[in-house]
Colleague: 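Structure incoming, see below.
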Amino acid sequence: MDTNTNRCKICGRELNNPDDPFSEDYEGDCLQCMADCGDPDCAAKVAKINGQTEPTRISMR
């Protein structure tokens, strides 16, 4: 079992890396993964980082 708590449990990204705005720690998962999983607050933050006014909607058909 991976005991490195400084990495995202989903993608392995280093968490809270000051050079990576997508690495903000959400209880062991990074901002990007949480946004990709559908968290609306995280999706809004990712959109803002990317210069968008609204999150990109992904259809789960």
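Numbers here simply count residues along the sequence, with the first being 1.
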Colleague: When you look at Lys45 and Met34, which way does the side-chain contact (heavy atoms from CB on, under 4.5 Å) test go after all the steps?
Modeller: CA-CA 10 Å; Lys45 281 187 173 186; Met34 292 300 295; over 6 Å; no
Colleague: When you compare the side chain of Ile10 with that of Asp36, does any pair of heavy atoms fall below 4.5 Å?
Modeller: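 No - every pair of side-chain heavy atoms lies 4.5 Å or more apart.
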Colleague: Hey, what do you get for CG (Asn50) to CD (Gln32), rounding to the nearest 0.5 Å?
Modeller: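 The CD atom of Gln32 is 7.5 Å from CG of Asn50, to the nearest 0.5 Å.
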Colleague: Starting at SG of Cys33, measure out to CG of Leu15 and round the result to the nearest 0.5 Å.
Modeller: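 Between Cys33 SG and Leu15 CG, I get 9.0 Å after rounding to 0.5 Å.
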Colleague: Strictly distance-based, threshold 3.5 Å: is any side-chain N or O of Asn16 a donor or acceptor partner for the main-chain N or O of Asp25?
Modeller: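 Yes, Asn16 side chain to Asp25 backbone: donor-acceptor pair under 3.5 Å.
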Colleague: Working to the nearest 0.5 Å, report the span between CG of Asp20 and CZ of Arg13.
Modeller: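 One finds 4.5 Å between CG of Asp20 and CZ of Arg13.
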